[in-house]
Amino acid sequence: MSVPFIDAASMDRWLEQAAQAPRKRTHHNLHPSLDAPVQRLAIALSQGTYVRPHRHPQPNRWEMIHALRGETTLVLFDDHGHPTRKILLSPQVMPVVECPANTWHSLYPTQGQSVIMEVKEGPYLPNLPEHFAPWAPEENTPEVEAYLARIMEWECRPC
């Protein structure tokens, strides 16, 4: 029987893969299948990755995010694209946050690289076009770099 685990060597390997990946991130599933009732995945993030703001409108589509390495910033938005909260996640300071269902959100590694663990109810459902924020640029477009820079400049509010 295979026992899924996350150790320092695994995170090192995933961060190397993320640095080389076109999207500057990589996923490692701990759940056995996309139909699993609980989805558990490690996500390695490299500087410059762009997670387009999105939401999961189904009432059971919350996401729990656990900081495993480095610092990751979670940004929450209102329906018009204005940031309502910016939460700094790190293993030492704030290791876990739950993003409620139907909440516009994005995240990025605060400095260099980070690894997070995401836990959410399954089965896996891919994001549909209407789940992505219409006020944010699509991935791989010229507007992404400036938009990401603006997101990173917004000041954090204490939780």
Side-chain angles (χ1 to χ4, degrees), residues 6 11-30 39-121 124-159:
I6 297 173
M11 288 190 281
D12 290 343
R13 187 173 59 256
W14 300 332
L15 289 168
E16 286 179 25
Q17 292 169 354
Q20 302 303 315
R23 296 174 78 197
K24 301 288 186 199
R25 63 181 181 265
T26 187
H27 298 83
H28 176 77
N29 293 346
L30 275 72
Q39 305 284 297
R40 303 168 310 277
L41 60 151
I43 305 171
L45 305 159
S46 283
Q47 197 76 40
T49 190
Y50 173 61
V51 178
R52 185 177 179 192
H54 62 285
R55 65 180 171 185
H56 310 283
Q58 306 88 343
N60 64 330
R61 292 299 175 183
W62 48 267
E63 293 176 314
M64 181 174 286
I65 302 167
H66 186 160
L68 299 177
R69 182 183 284 181
E71 294 181 348
T72 303
T73 300
L74 174 67
V75 185
L76 307 179
F77 304 88
D78 66 18
D79 288 338
H80 306 288
H82 301 110
T84 58
R85 188 160 226 180
K86 202 169 180 185
I87 303 168
L88 181 64
L89 296 163
S90 75
Q92 297 80 15
V93 179
M94 180 168 312
V96 179
V97 67
E98 186 174 306
C99 185
N102 206 31
T103 301
W104 292 111
H105 63 283
S106 179
L107 53 82
Y108 60 88
T110 308
Q111 297 175 2
Q113 295 183 304
S114 63
V115 180
I116 60 171
M117 175 80 173
E118 187 176 281
V119 178
K120 55 190 172 185
E121 188 172 330
Y124 169 74
L125 296 174
N127 283 327
L128 301 174
E130 60 267 22
H131 296 166
F132 291 99
W135 35 260
E138 292 184 29
E139 281 191 42
N140 302 315
T141 60
E143 299 82 14
V144 165
E145 190 173 333
Y147 184 78
L148 186 56
R150 277 200 332 266
I151 289 175
M152 294 171 83
E153 288 171 1
W154 289 324
E155 290 190 30
C156 289
R157 283 193 217 167
C159 291

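Note that the coordinates shown come from a computational prediction; the quantities given were computed from them, not determined experimentally.
- In plain terms, the two heavy atoms of Ala42 and Leu30 that are nearest each other are N-CD1, 4.3 Å.
- When each of Lys120, Arg61, Glu121, Glu63 is paired with His56, the side-chain hydrogen bond (donor to acceptor under 3.5 Å, both in side chains) condition holds for Glu63 and for no other.
- Annotation: the span from Gln47 atom CD to Ser114 atom OG amounts to 9.0 Å, rounded to 0.5 Å.
- To the nearest 0.5 Å, atoms CG (Asn29) and OH (Tyr124) are separated by 9.5 Å.
- The aromatic rings of Trp135 and Trp104 sit perpendicular, their planes meeting at an angle over 60°, well past the 30° parallel limit.
- When the shell of 6.0 Å around CD of Glu138 is examined, it contains 12 or fewer heavy atoms from other residues, nucleotides or ligands.
- The shortest heavy-atom contact between Cys99 and Leu76 is SG-CD2, 4.0 Å.
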Please lay out, stage by stage, how Ile65 and Thr72 fare under the test side-chain contact (heavy atoms from CB on, under 4.5 Å).
CA-CA 10 Å; Ile65 302 167; Thr72 303; 5.8 Å; no
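- Annotation: side chain of Glu139 is not in contact with side chain of Val144 (no heavy-atom distance under 4.5 Å).
- Annotation for Arg52 and Pro134: closest pair NH2-CA, 4.2 Å, computed over non-hydrogen atoms.
- Evaluation of the salt bridge (Lys or Arg N to Asp or Glu O under 4.0 Å) test over residues 88-98, restricted to residues two or more places apart or in two chains, returns none.
- A salt bridge is defined here as a Lys NZ or Arg NE, NH1 or NH2 lying under 4.0 Å from an Asp or Glu carboxylate O, and Arg25 with Glu118 fails to meet this definition.
- Formation of a donor-acceptor pair under 3.5 Å by the His105 side chain with backbone atoms of His54 is found in this model.
- A donor-acceptor contact shorter than 3.5 Å links the side chain of Thr49 to the backbone of Arg23.
- The nearest pair of heavy atoms linking Ala18 to Ala44 is CB-O, 3.6 Å.
- Partners of Tyr50 under the ring pair (Phe, Tyr, Trp, His ring centres under 6.0 Å) rule, at least two apart in sequence or in another chain, do not exist in this structure.
- The shortest distance between side-chain heavy atoms of Gln113 and Ser46 falls below 4.5 Å.
- The aromatic rings of Trp154 and Phe77 lie perpendicular to each other, with more than 60° between the two planes, well past the 30° mark.
- Contact check for Thr73 versus Ile151: no side-chain heavy atoms found under the 4.5 Å cut-off.
- Shown here for Val75 and Pro83, the closest heavy-atom pair between the two residues is CG1-CB, 4.3 Å.
- Within the model, atoms CD of Gln17 and OG1 of Thr26 stand 5.0 Å from one another, a figure rounded to the nearest 0.5 Å.
- Taking OG1 of Thr103 as the start and CZ of Arg85 as the end, the distance is 11.5 Å to the nearest 0.5 Å.
- To the nearest 0.5 Å, atoms CG (Leu89) and CG (Leu107) are separated by 8.0 Å.
- Rounding to the nearest 0.5 angstrom, the gap separating the CD atom in Gln58 from the CG atom in Asn102 is 9.0 Å.
- Closest approach of Ala101 and Pro59 over heavy atoms only: CB-O, 3.6 Å.
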So Met94 and Leu88, side-chain contact (heavy atoms from CB on, under 4.5 Å) or not? Walk me through it.
CA-CA 7 Å; Met94 180 168 312; Leu88 181 64; over 6 Å; no
